[in-house]
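Contents: one structure, followed by commentary.
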Amino acid sequence: GQWNITPVLEEELWIKKEGNQTFQPLFGTYNKYKVFENGLPALYEQLSHKKGNAAFREKSNLIINNRDVFNNPVEVISNKYNSYCYIWSYNGQYPIAFIKNINYNHVIQALGGKSFIDALAAKSEPTEQDWIKINSLRSNMYFNNSEITTYVYNTFNGIVSITGPA
């Protein structure tokens with residue numbers, strides 16, 4: 001987290017099978033941290049792996065490329081190929097859009113700049129104009145291969161509406 005003084009860098013689970021005198025590695029996670037544009041250190045990359053006899057098999061690789069002013073992830077790359085973008089609002093507490101298969105720079109450009117995204121994150125609730133702009137991404141030609149899901153919240157009851165990809 002934001003004030004985590006000693007973050008976990010590497011964690012492994014080892015087991016000792018019955019009748020065996022040595023421990024065998026079973027699972028491990030390696031975390032890398034960096035300071036983002038907002039000046040806060042946060043998780044940047046996470047490698048999870050499964051270990052077998054002598055073989056090391058990578059299971060998943062998660063890279064958080066960008067974070068917003070609230071330190072929320074806005075661009076995540078999974079297994080080096082799948083890109084996911086998030087748009088946040090409600091004072092940076094809730095994601096209001098999840099976009100699969102798009103580069104975050106395209107999202108910034110399509111919405112008119114990073115200042116719009118930062119202002120939207122800081123709002124207590126998106127306006128009707130904000131929703132029109134976000135939903136316009138569905139018809140943007142750069143988003144033809146993307147899947148866009150939007151979320152509307154009631155601050156007292158949680159999610160009240162989910163609109164999935166077309």
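We number each residue from 1, following the sequence as shown.
- Going from atom SG of Cys85 over to atom NZ of Lys100 covers 13.0 Å, rounded to the nearest 0.5 Å.
- Under the rule for a ring-ring contact (aromatic ring centres under 6.0 Å, His included), Tyr151 has no partner lying at least two apart in sequence or in another chain.
- Of the inter-residue distances, the one linking Ser146 atom OG with Asn140 atom CG reads 9.0 Å to the nearest 0.5 angstrom.
- Residue-environment remark: CG (Asn145) stays at or below the threshold of 12 foreign heavy atoms within 6.0 Å.
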Counting only pairs under 3.5 Å, give me each side-chain donor-acceptor contact of residues 87-94, with atom names and distances, residues two or more places apart or in other chains.
{"unit_1": "Trp88", "atom_1": "NE1", "unit_2": "Pro73", "atom_2": "O", "d": "2.9"}
{"unit_1": "Ser89", "atom_1": "OG", "unit_2": "Leu120", "atom_2": "O", "d": "2.8"}
{"unit_1": "Tyr90", "atom_1": "OH", "unit_2": "Tyr153", "atom_2": "N", "d": "3.2"}
{"unit_1": "Tyr90", "atom_1": "OH", "unit_2": "Tyr153", "atom_2": "O", "d": "3.4"}

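- In this structure Thr150 satisfies the side-chain hydrogen bond (donor to acceptor under 3.5 Å, both in side chains) test together with Arg138, sequence neighbours excluded.
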Worksheet item: Do Val76 and Tyr86 pass the side chain to side chain contact (heavy atoms under 4.5 Å, CB included) test, and can you show the C-alpha distance, the side-chain angles, and the key distance before you say yes or no?
Response: CA-CA 8 Å; Val76 177; Tyr86 298 87; 3.9 Å; yes

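- The ring-ring contact (aromatic ring centres under 6.0 Å, His included) search around Tyr84 returns Phe98, not counting sequence neighbours.
- Following chains of ILVMFWY side-chain contacts shorter than 4.5 Å, one cannot reach Ile162 starting from Phe156, and the two form parts of different hydrophobic clusters.
- Remark: of the listed residues Ile99, Asn101, Asn105, Asn105 is the sole one forming a side-chain contact (heavy atoms from CB on, under 4.5 Å) with Asn103.
- Annotation: Tyr142, atom OH; neighbour count of heavy atoms from other residues, nucleotides and ligands within 6.0 Å does not exceed 12.
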Output side-chain donor-acceptor pairs under 3.5 Å for residues 125-132, partner residues at least two apart or in another chain, one line each.
{"unit_1": "Thr127", "atom_1": "OG1", "unit_2": "Gln129", "atom_2": "N", "d": "3.4"}
{"unit_1": "Thr127", "atom_1": "OG1", "unit_2": "Asp130", "atom_2": "N", "d": "3.1"}
{"unit_1": "Thr127", "atom_1": "OG1", "unit_2": "Asp130", "atom_2": "OD2", "d": "3.1"}
{"unit_1": "Asp130", "atom_1": "OD1", "unit_2": "Lys123", "atom_2": "NZ", "d": "3.2"}
{"unit_1": "Asp130", "atom_1": "OD2", "unit_2": "Lys123", "atom_2": "NZ", "d": "2.7"}
{"unit_1": "Asp130", "atom_1": "OD2", "unit_2": "Thr127", "atom_2": "N", "d": "2.9"}

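- Remark: the backbone N or O of Gly158 is not paired with any side-chain donor or acceptor of Asn154 at under 3.5 angstrom.
- The shortest distance between side-chain heavy atoms of Thr163 and Val152 does not fall below 4.5 Å.
- In terms of the side-chain contact (heavy atoms from CB on, under 4.5 Å) criterion, Ser115 has no residue partners (sequence neighbours excluded).
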Worksheet entry | side chain to side chain contact (heavy atoms under 4.5 Å, CB included) evaluation trace for Phe143 with Ile148 | CA-CA 9 Å; Phe143 291 75; Ile148 301 172; 4.1 Å; yes

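- With hydrogens and angles ignored, the 3.5 Å screen pairs a side-chain donor or acceptor of Glu75 with a backbone N or O of Tyr104.
- The salt bridge (charged side-chain N to carboxylate O under 4.0 Å, His left out) search around Lys133 returns none, not counting sequence neighbours.
- Between Thr149 and Pro165 the shortest side-chain heavy-atom distance falls below 4.5 Å.
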Practice prompt. Check step by step if side chain to side chain contact (heavy atoms under 4.5 Å, CB included) holds for Ile117 and Ile108.
Written response: CA-CA 7 Å; Ile117 294 173; Ile108 291 171; 3.8 Å; yes

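- Side-chain contact between Val107 and Ile102 is present, with heavy atoms from C-beta onward closer than 4.5 Å.
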